[in-house]
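Here the structure comes first, spelled out in structure tokens, and everything after it is commentary.
Because only heavy atoms are used, hydrogens play no part in the values below, and waters and symmetry mates are left out as well, while side chains stay in.
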Amino acid sequence: MTQQDRDIVITEVALRDGSHAISHQYTTEQVINVTKALDEANVPYIEVSHGDGLAGSSLQYGLSLTNEMELIEAAVSVCKQSKIGVLLLPGIGTIKDLNEAANLGVRMARIATHVTEADVSAQHIARAKELGLVTVGFLMMSHMAPVKTLVEQAKLMESYGADTVYVVDSAGAMLPYQVKERIQALKQTLGINIGFHGHNNLSLAMANTLAAIEEGATWIDGSVRCLGAGAGNTQTEVLVSVMDRLKIKTGIDVYKMMDLAENIVAPILNAPQEINRDSLVLGYAGVYSSFLLHARRAAQRFGLDSRDILVELGERKVVGGQEDMIVDIAAEIASKRSKVASS
Ligand SMILES: C[C@H](O)CC(=O)C(=O)O
Ligand SMILES: [Mn+2]
């Protein structure tokens, strides 16, 4: 099946975004089993990296159980038709990491920046193009910028050579009308593909994805069994089912996706992916979904309610990469409270 036989191109992100939800503890065996099944289901792109992208394994973001290059190599080795992609956040990952991933047979690079910082992606996008990779610009926390700014930043990524630019609802905070106005504006201005990546914290990932597709987005992310940060992403097997009902061709075998979700991915989860009070607050307060487990750990350490930390993170407009602020804020809240208690 060629790309022309698909109306939308789905990238499966459970082996990257889902890494946040399992504290980056993927084993090579899990990655092989999931990748093989995704390949058999004919998923076009599968993203494999640390949750925070290449070289994310660190005390700040969370140490990976397995070196991501080993996971990438294993995933590439079992693909007959799917292509493996990687995520790279400039400053966390470097050109060297991109080169290494490309040498292992990766076919797509997604270069992610905060929605107002696209200019830091220029050399990574240029290098990905030189390496012959499908190259994607990934504008995180898209809800934080007005439409005009988002368009300007997306244009920068297009000018650097990106084949596709994504609206990324990292916080799962966007409402369908906001998705629509953003995709509409990008469609009117850019000459490249538009993508959408949602999170389900407000139970709107599917509605937002449909809104994006209605406005012309053709590159869409999903995570099987919702295995992504926060409450997870648009659930891939559900997305494929909905697309089948709408007669929008994904090229993906829906029964194979359902079986993979049930038999291979569900056992990987520590707990079912659901919207609980913490993940709901991510969407409600507009907080980066990857902060969830960090905030829970900080809450436990300082004897706080994690929602108080998350709300404060949202008020201070803390963005991806500023994970150190989570502990700072928790310590500050705890210290203020102990002062009040002892006065
Ligand atoms: C590094 C983040 O997890 C990227 C992402 O998937 C998002 O912003 O959402
Ligand atoms: Mn995400």
Quick one: do [X] and [Y] end up in the same hydrophobic cluster if we chain Ile, Leu, Val, Met, Phe, Trp and Tyr together by side-chain heavy atoms under 4.5 Å apart?
X	Y	result
Leu280	Leu310	no
Leu202	Leu239	no
Leu38	Ile8	yes
Leu175	Val115	no
Val147	Ile192	yes

Considering all heavy atoms, the nearest [X]-[Y] contact:
X	Y	answer
Asn270	Ala21	ND2-O, 3.9 Å
Ala55	Gly93	CB-CA, 4.1 Å
Ala102	Leu131	CB-CD1, 3.9 Å
Ile111	Pro90	CG2-CG, 3.7 Å
Lys256	Asp253	N-OD1, 3.1 Å
Leu87	Leu89	CD2-CD1, 3.6 Å

Whether [X] side chain and [Y] backbone form a donor-acceptor pair below 3.5 Å:
X	Y	answer
Asn208	Met174	yes
Gln25	Ile22	no
Glu47	Gly85	no
Ser223	Val13	no
Glu158	Val165	no
Thr209	Ala207	no
His197	Asp221	no
His199	Ala229	yes
Ser142	Val168	yes
Glu323	Phe291	no

**Fill in**
Test salt bridge (charged side-chain N to carboxylate O under 4.0 Å, His left out), reference Glu332, set Arg337, Lys339, Arg316, output is Arg316
[atom1]-[atom2] distance between [X] and [Y], expressed to the nearest 0.5 angstrom:
X	Y	atom1	atom2	result
Leu139	Arg182	CG	CZ	11.0 Å
Ile329	Ile309	CD1	CD1	8.5 Å
Ile213	Ile183	CD1	CD1	9.5 Å
Ile95	Glu130	CD1	CD	8.0 Å
Ser49	Glu68	OG	CD	6.0 Å
Leu282	Ser170	CG	OG	11.0 Å

**Asked** Should Tyr61 and His50 be marked as a ring-ring contact (aromatic ring centres under 6.0 Å, His included) after you check the CA-CA gap, both sets of side-chain angles, and the distance that decides it?
**Response** CA-CA 9 Å; Tyr61 303 113; His50 182 279; 7.1 Å; no
**Asked** Considering residues, nucleotides and ligands other than Arg107, do more than 12 of their heavy atoms fall under 6.0 Å from its CZ?
**Response** no
**Message:** Looking at Lys129, I want to see if its NZ is surrounded by more than 12 non-hydrogen atoms of other residues, nucleotides or ligands under 6.0 Å.
**Reply:** yes
**Request:** State which residue, out of Ser57, Ser19, Ser58, fulfils the side chain to side chain donor-acceptor pair (under 3.5 Å) condition with His24.
**Result:** Ser19
**Prompt:** Knowing that exactly one of Tyr45, Phe196, Tyr166 qualifies, which makes a ring pair (Phe, Tyr, Trp, His ring centres under 6.0 Å) with Trp219?
**Reply:** Tyr45
Kindly indicate whether the side chain of [X], heavy atoms from C-beta on, has any atom under 4.5 Å from the side chain of [Y].
X	Y	answer
Ile72	Met69	yes
Met257	Ser241	no
Gln322	His114	no
Ser23	Arg297	yes
Val179	Leu204	no
Asp52	His20	yes
Val43	Val224	no
Leu71	Thr28	yes

Pair [X] + [Y]: basic N to acidic O under 4.0 Å:
X	Y	result
Lys180	Glu214	yes
Lys247	Asp7	no
Glu262	Arg225	yes

Verify the distance criterion only: is there a donor paired with an acceptor across the side chains of [X] and [Y] at less than 3.5 Å?
X	Y	value
Ser306	Asp278	yes
Ser279	Asn276	yes
Asn201	Ser289	yes

**Steps toward salt bridge (charged side-chain N to carboxylate O under 4.0 Å, His left out) verdict (Lys155, Glu152)** = CA-CA 5 Å; Lys155 277 174 85 169; Glu152 284 162 8; over 6 Å; no
**Message:** Could you walk me through whether Ile84 and Thr35 satisfy the side-chain contact (heavy atoms from CB on, under 4.5 Å) test, starting with their C-alpha distance in whole Å, then the side-chain angles of each, then the deciding distance to 0.1 Å, before giving a yes or no?
**Reply:** CA-CA 9 Å; Ile84 300 299; Thr35 306; 4.0 Å; yes
**Asked** Stepwise, does the side-chain contact (heavy atoms from CB on, under 4.5 Å) test hold for Met144 with Lys317?
**Response** CA-CA 8 Å; Met144 285 178 76; Lys317 302 201 183 310; 3.6 Å; yes
**Request:** Let me see the working for Leu133 and Val86 under side-chain contact (heavy atoms from CB on, under 4.5 Å), right down to the final yes or no.
**Result:** CA-CA 10 Å; Leu133 305 178; Val86 291; 5.9 Å; no
**Message:** If you apply the rule side-chain contact (heavy atoms from CB on, under 4.5 Å), what do you find for Lys187 with Glu215, and how did you get there?
**Reply:** CA-CA 8 Å; Lys187 276 299 281 183; Glu215 294 306 325; 5.6 Å; no
